[in-house]
There are 2 protein chains.
Amino acid sequence: MHVAVDCLIFGFDDNELKILLFKRRVRPAVGKWSLIGSFVQLDEDVDDAAGRVLAEITGLKDVFLEQLGCYGQANRDPGFRCISLAYFSLIRITEYDRELVQRHGASWHSVSKIPELVFDHGQMVEDALKKIRIEARHRPIGFELLREKFTVPQLQSLYEEIYARPLDPRNFRKKILSFGILNKLDEKDMTTSRRGAFLYEFNRRKYVQLSQTGFDFEIK
Amino acid sequence: MHVAVDCLIFGFDDNELKILLFKRRVRPAVGKWSLIGSFVQLDEDVDDAAGRVLAEITGLKDVFLEQLGCYGQANRDPGFRCISLAYFSLIRITEYDRELVQRHGASWHSVSKIPELVFDHGQMVEDALKKIRIEARHRPIGFELLREKFTVPQLQSLYEEIYARPLDPRNFRKKILSFGILNKLDEKDMTTSRRGAFLYEFNRRKYVQLSQTGFDFEIK
DNA sequence: CCAAAAGTGTTACACGTACACCCATGA
DNA sequence: TCATGGGTGTACGTGTAACACTTTTGG
């Protein structure tokens, strides 16, 4: 039986959650949109295969990469029997290697307008978004998608995009700062307003402390 | 590459959460404790393979059965390269076929005292318990483990077992009844006290209504 | 009448939610 | 000086958490 991994690579740009999609170059379904994947090598851990695909496309290593699940319907690939292990990754769009991506015929698509995808890849995307929305409530998953330095309004618009609904700026700021996992910097981001917005960075050490005692990241 | 499914079958009895384990009869590691599994057939959906294994052992169909994840380290099985898709199931211990289970050399083990398991099966059990604890907070997962008719104290002790901590009986009863998904019956269970405890049944229709609008099952 | 489990209410506090105005700045 | 996004505080209601006694009935 053939065993493949498929990678769902998410990024955040222009206040939109985006996913990296590819024009298929191999049969069947040449020219259709799909996720990118690869077969798992005989001497390779499945997790490593996913990491390899991600690195080949984006040049990134050691980023958020998590197993989504196994897609294993007998008839899912019309060619031959093949099961796929879907992985999803959250990356900083600013850090990926644009040249590598272009060479693979990839492009970013807003998750609110995803074209038709081959096989069961559409289902994978749907499942991944569901999982991201759930996980975002229990840990600060979103930080993986922002730059090292970010403003509170940027963080808010990311959460608004993930939850697909508007959030109150006062309540959002109060809650997010109350966790004590953000360090306020002396710099301001002047690109989006005349007044400028203070930049923050994520304090990973404090977060680890907090998550061990168990905390709820839910924001309403 | 070989592709297998392994089933984690959980039940609830004597106020303890239990898992069905097997004495291995095939090489390698004959005589060691393990989960039960099977290879996925070429023309078989992976989900169906898990259902088949569950039915072969317990005689049960159409019960709670969910994918846990893929365990795919290259060296996980010392024999040959094999990835495993772990599934976990929650069953009513009273409904399984004891004869079938005995014929397969299986026995129930409290999750608080699990023997050493072959390969990465111990990791699977650990991961499944973690997932059950998380899922129990978002939907009434526990009902799959109780009989059709059950008392509030029974339900409470199940939740105490899943969360591994005591709960306040007044708060528990108040919260669980406030969801409106339990039907009180006219019967009493007289087996655990002189006074007897009223039996309830789960109102699946009301639950579906409620879960569509999204609700939080968390109990503190 | 005693033991043992079932069942019930209230109060204090924390947290979530709703809501409107001033601030800082570049153009 | 004005337009634009950034930033702040409070009051109210809901829900959680803590807590002790009465009820029932078989032995």
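The analysis underlying the following values was restricted to heavy atoms, covering all of them including side chains, and did not include hydrogens, waters or symmetry mates.
Lys184(B) places its NZ atom 13 Å from the P atom of dA6(C), with the value rounded to the nearest Å. Computed from coordinates, the Asn171(B) CG to dA12(C) P distance equals 16 Å when rounded to whole Å. Rounded to a whole Å, the CG atom of Leu185(B) is 16 Å from the P atom of dA6(C). The interatomic distance linking Gln156(A) (CD) with dG5(D) (P) rounds to 14 Å, in whole Å. Distance CZ (Phe172(B)) to P (dA6(C)): 12 Å, rounded to an integer number of Å. For Arg194(A) and dC2(D), the CZ to P distance is 14 Å, given to the nearest whole Å. We find that OH of Tyr163(A) is positioned 12 Å from P of dG16(C), with the value rounded to whole Å. As rounded to whole Å, 10 Å separates atom C1' of dA24(C) from atom CZ of Phe198(A).
The side chain of Lys175(B) sits closest to dT16(D) out of dT16(D), dG27(D), dC19(C). Of all nucleotides listed (dA20(C), dA27(C), dG6(D)), dA20(C) comes nearest to the side chain of Arg170(A). The listed nucleotides are dC19(C), dA6(C), dG6(D); the one nearest the side chain of Arg173(A) is dG6(D). Here dG6(D) is the nucleotide among dG6(D), dG27(D), dG9(C) with the atom lying nearest to any side-chain atom of Pro153(A).
Counting non-hydrogen atoms of neighbouring residues, nucleotides and ligands closer than 6.0 angstrom, the NZ atom of Lys188(A) exceeds 12 such neighbours. Residue-environment remark: NZ (Lys149(B)) stays at or below the threshold of 12 foreign heavy atoms within 6.0 Å.
Summary of the strand contacts: Thr192(A) and Leu177(A) both lie near DNA chain D, and taking for each the nucleotide with the nearest heavy atom, the more 5' one is attributed to Thr192(A). Along DNA chain D, the nucleotide nearest Pro169(B) and the nucleotide nearest Val152(A) are compared for position; the residue whose nucleotide lies closer to the 5' end is Val152(A).
Arg92(A) is linked by a salt bridge (charged side-chain N to carboxylate O under 4.0 Å, His left out) to Glu95(A), Glu148(A), counting only residues two or more places apart in sequence or in another chain.
In terms of polar N and O atoms assigned as donor or acceptor, the side chain of Arg195(B) comes within less than 3.5 Å of the base of dA6(C) in a complementary pairing. For Lys174(A) against dT17(C), a side-chain N or O and a base N or O form a donor-acceptor pair under 3.5 Å.
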Practice item. May I have the step-by-step check of side chain to side chain contact (heavy atoms under 4.5 Å, CB included) for Ile93(A) and Trp108(A), ending in yes or no? Key: CA-CA 10 Å; Ile93(A) 281 190; Trp108(A) 290 96; 4.0 Å; yes
Check your understanding: Between Leu129(B) and Val111(B), is a side chain to side chain contact (heavy atoms under 4.5 Å, CB included) present by the stated rule, with each step listed?
Key -> CA-CA 9 Å; Leu129(B) 285 170; Val111(B) 297; 4.0 Å; yes
